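Data first, discussion second: the structure below is written as structure tokens.
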Amino acid sequence: MSSLVLPRVIGHRGVAAMAPENTLAGFALAARSAVGWIELDVQLTADGVPVVFHDDRLERTTDGQGRLVETSYVDLLRLDAGRWFGESFAGQRIPSLAEVLTLLVETGLGLCLEVKADEQRGAQTAVEAIACLRHIWPATASPPLLSSFARSAVAVMADQAPDWQRGLLVEELPDDWHDVTRRLGCHSLHVDQCLLNEQQAAAVKGEGLALLAYTVNDRERAETLWGWGVDALFSDCPENLLGAPSL
Ligand code: G3P
Ligand code: MG
């Protein structure tokens, strides 16, 4: 059995339906809401600074252009990462991981950290994210849950942060999920809720893994997934789910 103690709902990229995703404003809003944990995405800038950002490119959520991994940290600081969502969020920047972790520690929010990288960049991104966490995350705080689609990143987590639990992110459950999660010492599997069925959920749970599903904003769907044994749901709008009755 997994010893992970998870909340039923995790705010996705902060509270992505309520505030610009992966921004300090979004995480601060999450801290004032009923959600106890948030998820965020970590990437490295061109000069190796871990920052909190989802997309490969800057266009959708900032006023910049190009690829994040080809942009230096000082150049990212010039970008607005809030106005696209609403004028009241103008001035939000792409935050460094260090800034976000400091806010999370101050507010007591729990953390599911996603290393957002391809297999090639996964290992180095995980190294830098773990170094930043070691520096800021108190030993007395609830331990973070680390995750990635990149197996290279999960392998680094197993090697360099064996004391923190880790999960493999997938879209559809791959044929080798059992072997991979065992080899990488995963405590959890994080799957796309659209591509999950009840039998798969039972199989994952039967192996003693925690099961998390993204992204669920609908209360009825949440109740179905919890009914299948899914432990935690990533949601852009946790308040839609948190009012759901216990099953
Ligand atoms: O960590 C769960 C979820 O965030 C994975 O998908 O694309 O929203 O980062 P994505
Ligand atoms: Mg993510």
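Not measured: the values here are computed from a predicted model. First listed ligand is number 1; within each ligand, the first listed atom is number 1. Atom set for the values below is all heavy atoms of this structure, side chains included, hydrogens, waters and symmetry mates excluded.
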Next item on the list: Could you tell me the residue and atom name of the protein heavy atom closest to atom 4 (O) of ligand 1, and the distance to it rounded to 0.1 Å?
Entry: E39 OE2, 2.6 Å
Margin query: Could you identify the single nearest non-hydrogen protein atom to atom 7 (O) of ligand 1 and state the distance to 0.1 Å?
Written below: H54 NE2, 2.7 Å
Item checked: Metal-centred angle, the Mg ion (ligand 2) as apex - OE1 of E114, OD1 of D41, 10° resolution -> 90°
Next item on the list: For the Mg ion (ligand 2), find the closest N/O/S atom belonging to E39 and write down its atom name.
Entry: OE2
Margin query: Under a 4.0 Å threshold between the charged nitrogen and the carboxylate oxygen, would E21 count as salt-bridged to R60?
Written below: yes
Notebook entry, point to check: Closest heavy-atom contact between Q200 and L195?
Noted result: OE1-O, 3.4 Å
Item checked: Co-membership, hydrophobic cluster, residues W137 and F27, 4.5 Å side-chain -> yes
Note to self: Can you report which non-hydrogen protein atom sits closest to atom 5 (C) of ligand 1, along with the distance?
What the structure shows: E114 OE1, 3.4 Å
Item checked: Criterion side-chain contact (heavy atoms from CB on, under 4.5 Å) against L97, the qualifying member of V51, I136, V49, L113 -> L113
Next item on the list: Determine whether F85 and L40 fall in the same hydrophobic cluster, where Ile, Leu, Val, Met, Phe, Trp and Tyr are linked whenever their side-chain heavy atoms lie under 4.5 Å apart.
Entry: no
Next item on the list: Heavy-atom distances under 4.0 Å are what count here, so tell me which part of L212 touches ligand 1: side chain, backbone, both or neither.
Entry: neither
Item checked: Under-4.0 Å salt bridge between D176 and R183 -> no
Notebook entry, point to check: Are any of the side-chain nitrogens in K205 or D231 under 4.0 Å away from the carboxylate oxygens of its partner?
Noted result: yes
Note to self: Out of all atoms in ligand 1, which are within 4.0 Å of some heavy atom of K116? Include the element for each.
What the structure shows: 7 (O), 9 (O), 10 (P)
Margin query: Taking a cutoff of less than 4.0 Å between a non-hydrogen atom of the residue and any ligand atom, is H190 in contact with ligand 1?
Written below: no
Item checked: Any N/O pair R13/ligand 1 closer than 3.5 Å -> yes
